[in-house]
Number of protein chains: 2
Amino acid sequence: MQETAKPQKPSRRSFRHIESVSIGTQLYHHLRGAIIRGELRPGQALSEAEIARQNSTSRQPVREAFIKLAEERLVSIQPQRGTFVVKISVADVLDARFVREAIEVAVAQEAATSAPPSAIKDLRQLIEKQKSMEHGHNEEFLALDEEFHRTIALSVGRAHAWRVIENIKAQMDRIRYLSLDDATPLPLIIEQHTRMVDGIEAGDPTAAAAATRSHLREIIVSLPDIAARFPDFFEAA
Amino acid sequence: MQETAKPQKPSRRSFRHIESVSIGTQLYHHLRGAIIRGELRPGQALSEAEIARQNSTSRQPVREAFIKLAEERLVSIQPQRGTFVVKISVADVLDARFVREAIEVAVAQEAATSAPPSAIKDLRQLIEKQKSMEHGHNEEFLALDEEFHRTIALSVGRAHAWRVIENIKAQMDRIRYLSLDDATPLPLIIEQHTRMVDGIEAGDPTAAAAATRSHLREIIVSLPDIAARFPDFFEAA
DNA sequence: ATTACCATACATGTATGGTAGAGTCGCGTA
DNA sequence: TACGCGACTCTACCATACATGTATGGTAAT
């Protein structure tokens, strides 16, 4: 009943830039970003058909994007009912944080004993960039923060470990986006980053681990506030 | 209402036991097991069409199973070329092991401080089961080993952490299946399990962590041998 | 007013045809 | 013999049609 016109290859999807990547993968990245940034709100229904229409494609690539999102626990596919953006679970975020801390602390210890000097230089530069961005531009700051952590992992060849963290981070980043307008204590974060690099550069695994640990525990204190301020983003306790 | 009998329904599909799970998901579990057990050999091509025929279904569910396997890095989908079982990379296995150690050590430390006594009892029982299975039945032993580790994680509510490990384990389990016929030192593994539980029961995080660490480092020593014995299972160095 | 039923719309799951790109093979030419 | 080029085959990818389960609003019976 819907229109069926389709005379000619409608051609051209709004956000497709790279031709070689499959549509399903592109949709996945597109939707993933929108969920993390909070543009798609928890609980919201995502219809295969509607998203397919919006992007001038068919249901199949959308479906494949949904499957990937479901693997990452960003959406919940309920057969014959619908697909929904999952609400944030405080317990899940804390559990994800636990895993992230375990991995990143181990990586930091390794970096303290065997990261090359060039990596130290890169990290210092990233911190300088972060300092020059203290006012506004919080979203770009998040990107720099991510690059900082990734650089540490890659400096000791832990690409796989970083991949694991990337998945886990999605859940935590949803929180950070919620608190963007907040008076995020960027100087504090930068100070913590500095201590991490100090520990790594000094070849002191214990110090590097401790700095990493306290850095990654920040979210524990801010989480209750955020959950209270955005109740409909969170699962009912 | 939930009986419904279902008198007809062709009932084909060799391995379908649970009616409510989608075919794509079933195929995923089916293929995943076959890859881990080494029945599907690394490098082997998997054709959407052929697997669809073998299971009397269409290509679409097979495709979705492939996507899930690719997320787990068990197959590599190469557009317009084919989908292949990935060869094992020694470096990737070691990196995966690193992540697993980081998480499980953290879990063990937590268990040492807060696992309930009932969990200790369950773990001791599992070890007894493992002892009674020392000869042959190596495959069942692997299942008991997995249950042992999972029980520790769940005893302190780290379900998410276990989920992460489960994915990582797939790569490592492929190795373990290769060395099944080997004279696997089961008594040694059981001894290590025992020390882990001893540390947890004693409330000694350091001991529990050390026991877990040495247990999970076994694979490092056996890996080179296995890679040498099954060269075509591994990526060219 | 309330309940039971049913038509309808809409959701995901599955089947199938078509398309474009990559690899292979063999023929024809230099 | 060596090399280039086109026909053929195979693949994953996409579009579309159909199957089937679920939510919902209107309606008739109580």
Side-chain angles (χ1 to χ4, degrees), chain A residues 1-13 15-16 18-31 43-71 75-86, chain B residues 1-13 16 18-31 43-71 74-86:
Chain A
M1 216 37 162
Q2 82 260 39
E3 219 218 314
T4 35
K6 283 294 162 87
Q8 234 25 25
K9 238 11 152 158
S11 112
R12 292 1 355 137
R13 282 94 191 172
F15 62 89
R16 289 181 71 182
I18 309 157
E19 203 64 28
S20 68
V21 176
S22 75
I23 297 179
T25 302
Q26 294 175 51
L27 283 168
Y28 160 70
H29 289 296
H30 182 63
L31 294 170
Q44 178 171 345
L46 299 180
S47 158
E48 283 184 3
E50 181 176 336
I51 292 182
R53 272 196 304 275
Q54 288 172 358
N55 294 280
S56 305
T57 181
S58 71
R59 275 182 47 217
Q60 217 54 48
V62 178
R63 179 175 171 71
E64 293 169 8
F66 280 10
I67 291 176
K68 292 182 182 176
L69 292 170
E71 298 267 321
V75 306
S76 161
I77 301 176
Q78 303 181 19
Q80 275 67 39
R81 276 185 35 86
T83 296
F84 306 88
V85 179
V86 300
Chain B
M1 211 46 130
Q2 65 267 41
E3 243 293 288
T4 23
K6 285 273 167 71
Q8 40 264 65
K9 220 29 172 253
S11 86
R12 58 267 200 279
R13 275 154 198 136
R16 289 183 70 184
I18 308 155
E19 203 65 28
S20 68
V21 176
S22 75
I23 296 178
T25 302
Q26 294 174 53
L27 282 169
Y28 160 70
H29 289 296
H30 181 62
L31 294 170
Q44 177 171 347
L46 300 180
S47 156
E48 280 184 5
E50 181 174 337
I51 292 184
R53 274 196 303 274
Q54 288 173 358
N55 295 280
S56 305
T57 183
S58 69
R59 302 195 314 270
Q60 215 55 46
V62 178
R63 177 174 170 71
E64 292 173 6
F66 280 8
I67 290 175
K68 292 181 182 176
L69 292 170
E71 298 267 320
L74 289 175
V75 305
S76 161
I77 301 177
Q78 303 180 19
Q80 275 67 40
R81 277 186 33 83
T83 296
F84 305 88
V85 179
V86 301

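As the structure is a prediction and not an experimental result, all values here were calculated from the model. Each chain gets a letter, A, B and so on, in the order its sequence line appears, and its residues count up from 1. In what follows, every heavy atom counts, from backbone to side chain, and hydrogens, waters and symmetry copies are set aside.
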| note | Regarding the side chain of E64(A), the nearest nucleotide among dC14(D), dG21(D), dT11(D) is dC14(D)
| Think T83(A) has a side-chain N or O under 4.0 angstrom from the OP1 or OP2 of dT12(C)? | yes
| Atom CD1 in I77(B), atom OG1 in T83(B): separation rounded to 0.5 Å? | 4.5 Å
| query | Nearest to the side chain of Q80(B) - dC14(D), dA15(D), dA20(C)? | reply | dA20(C)
| request: Write down the distance between CD1 (I67(B)) and P (dG13(C)), rounded to a whole number of angstrom. | output: 13 Å
| Distance, rounded to the nearest Å, where E48(A) contributes CD and dT16(D) contributes C1' | 13 Å
| said: Measuring from atom CD1 of I51(B) to atom CZ of R63(B), what distance do you get when rounded to the nearest 0.5 angstrom? | reply: 13.5 Å
| Nearest-Å distance for atom pair CD/P, residues Q60(B) and dG18(C) | 16 Å
| field | Residue T57(A), side-chain heavy atoms: nucleotide from dA15(D), dC13(D), dT12(C) that is nearest | value | dA15(D)
| said: Side chain of R59(B) only, heavy atoms from C-beta on: which candidate in dA22(C), dT14(C), dG18(C) is closest? | reply: dG18(C)
| query | Once you round it to whole Å, what is the distance between P of dC18(D) and CZ of R63(A)? | reply | 18 Å
| field | side chain to side chain contact (heavy atoms under 4.5 Å, CB included) partners for S76(B), two or more places apart | value | Q78(B), V86(B)
| task | Compare the minimum distances between each of dT14(C), dA23(D), dT12(C) and the side chain of R81(A), then state the nucleotide with the smallest one. | result | dA23(D)
| query | F66(A) has a side chain; which of dT12(C), dA15(D), dA15(C) sits nearest to it? | reply | dT12(C)
| Just checking L46(B): base, sugar-phosphate only, or nothing, at a heavy-atom cut-off of under 4.0 Å? | sugar-phosphate
| task | In whole angstrom, give the distance that lies between atom CD1 of I51(A) and atom C1' of dC10(C). | result | 15 Å
| query | For the pair made of CZ in F84(A) and C1' in dT12(C), what is the distance, rounded to whole Å? | reply | 11 Å
| If you round to the nearest 0.5 Å, how far is OH of Y28(B) from CG of L74(B)? | 7.0 Å
| said: Is the phosphate of dC10(C) approached by S47(A) (side-chain N or O, under 4.0 Å from OP1 or OP2)? | reply: no
| message | If you compare every side-chain N and O of S58(B) against the phosphate oxygens of dT14(C) (OP1, OP2), does one of them come in below 4.0 Å? | response | no
| request: Take atom CD of E50(A) and atom P of dT12(C), then tell me their distance rounded to the nearest Å. | output: 11 Å
| field | For A49(A), all residues meeting side chain to side chain contact (heavy atoms under 4.5 Å, CB included), sequence neighbours excluded | value | S47(A), R53(A), R59(A)
